[in-house]
Structures are given as C-alpha cells and as structure tokens.
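One structure is given below, encoded as structure tokens.
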Amino acid sequence: MSVELCVYNAGGKKVRTVFRDKQAFGDYVVSWDGKNDYGNPLPSGVYFLVLRSDHALRVQRAVYIR
C-alpha cells in the first residue's frame with residue numbers, strides 16, 4: 001500500500017515530506033529532524049503530521065520545540 005507522511009505548518013503549508021513509499025501493513029517508527037524539505041531548520045511551533053495511505057487519512061497536531 002502507498003504511504004505518505006508529511007508535516008504542515010499552522011498556516012496549512014506543507015513544509016516536509018518525511019516518508020513516501022510502499023509499505024506492508026504493520027507498525028513503523030519514523031523520525032523527523034525538525035527541518036523543511038530544503039534542509040533548513042524550522043522554528044518552534046505547532047505543526048500537523050498528515051499520514052495518508054490507500055485506505056486512510058490521519059492528522060495529528062504536534063508541538064515542535066527547538
């Protein structure tokens with residue numbers, strides 16, 4: 001199944017694609033280093049983690065503190 005994990009800022013702009021690939025069903029651990037897609041560090045604040053797959057969409061709010 002296709003899976004994509006992206007980070008959005010509080011304004012709704014996608015700032016990072018953390019993971020995009022095909023995965024089998026199961027549990028996985030993914031890390032985000034606090035940087036955007038260009039490798040620049042992002043400021044502390046509220047971000048939204050969006051997990052999309054062929055069968056589901058999940059949104060989780062997160063507070064990032066540098």
Side-chain angles (χ1 to χ4, degrees):
M1 124 175 87
S2 295
V3 177
E4 180 181 64
L5 176 64
C6 296
V7 179
Y8 290 80
N9 65 17
K13 180 182 176 190
K14 181 165 65 169
V15 294
R16 179 77 183 262
T17 300
V18 178
F19 182 84
R20 183 183 313 147
D21 205 350
K22 295 205 179 272
Q23 289 288 355
F25 286 100
D27 295 333
Y28 297 90
V29 175
V30 178
S31 297
W32 172 47
D33 57 7
K35 295 180 181 177
N36 65 15
D37 278 335
Y38 302 105
N40 300 319
L42 292 168
S44 297
V46 175
Y47 292 88
F48 294 90
L49 310 174
V50 178
L51 178 65
R52 288 185 184 90
S53 73
D54 294 336
H55 306 286
L57 172 68
R58 170 96 189 221
V59 179
Q60 180 71 45
R61 185 176 60 170
V63 176
Y64 173 65
I65 301 171
R66 279 183 62 159

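Computed from heavy atoms alone, side chains included, the values below leave out hydrogens, waters and symmetry copies. The shown structure was predicted, so the numbers you read here are calculated from the model rather than taken from an experiment.
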> Just by modelled atom types, is the V15 backbone N or O under 3.5 Å from a matching donor or acceptor in the N36 side chain?
Replying inline: no
> Hey, is OH on Y38 packed in by over 12 heavy atoms from elsewhere, all under 6.0 Å?
Replying inline: no
> Nearest heavy-atom pair of R66 and P41: which atoms, and what distance?
Replying inline: NH1-CB, 3.4 Å
>> If I take atom NZ from residue K13 and atom OH from residue Y8, how far apart are they, to the nearest 0.5 angstrom?
In response: 12.0 Å
> Hey, what do you get for NZ (K14) to CG (N9), rounding to the nearest 0.5 Å?
Replying inline: 12.5 Å
> Which pair of non-hydrogen atoms, one from S2 and one from K22, has the smallest distance, and what is that distance?
Replying inline: OG-NZ, 3.1 Å
> How long is the gap from CD on Q23 to CG on D54, to the nearest 0.5 Å?
Replying inline: 12.0 Å
> What is the distance from atom CG of L57 to atom CD of E4, rounded to the nearest 0.5 Å?
Replying inline: 10.5 Å
>> To the closest 0.5 Å, what do you measure between CZ (R52) and CG (L5)?
In response: 10.0 Å
> Hey, any chance V7 and V50 share a hydrophobic cluster, counting ILVMFWY side chains that come within less than 4.5 Å of each other, even indirectly?
Replying inline: no
> For D33 and Y64, which heavy atoms make the closest approach, and how far apart are they?
Replying inline: O-OH, 4.1 Å
>> Let me check something: do I65 and V46 share a hydrophobic cluster, defined by ILVMFWY side-chain heavy atoms less than 4.5 Å apart, either directly or through other members?
In response: yes
> Taking all atoms of both residues into account, what is the closest heavy-atom pair of T17 and C6, and its distance?
Replying inline: OG1-SG, 3.8 Å
>> Is there a path of hydrophobic side-chain contacts, each under 4.5 Å between heavy atoms of I/L/V/M/F/W/Y residues, joining L51 to W32?
In response: yes
> Same cluster for L42 and V30 if Ile/Leu/Val/Met/Phe/Trp/Tyr side chains link at under 4.5 Å?
Replying inline: yes
>> If hydrophobic clusters are built by linking Ile, Leu, Val, Met, Phe, Trp and Tyr wherever their side-chain heavy atoms come under 4.5 Å apart, do F25 and F19 end up in the same one?
In response: yes
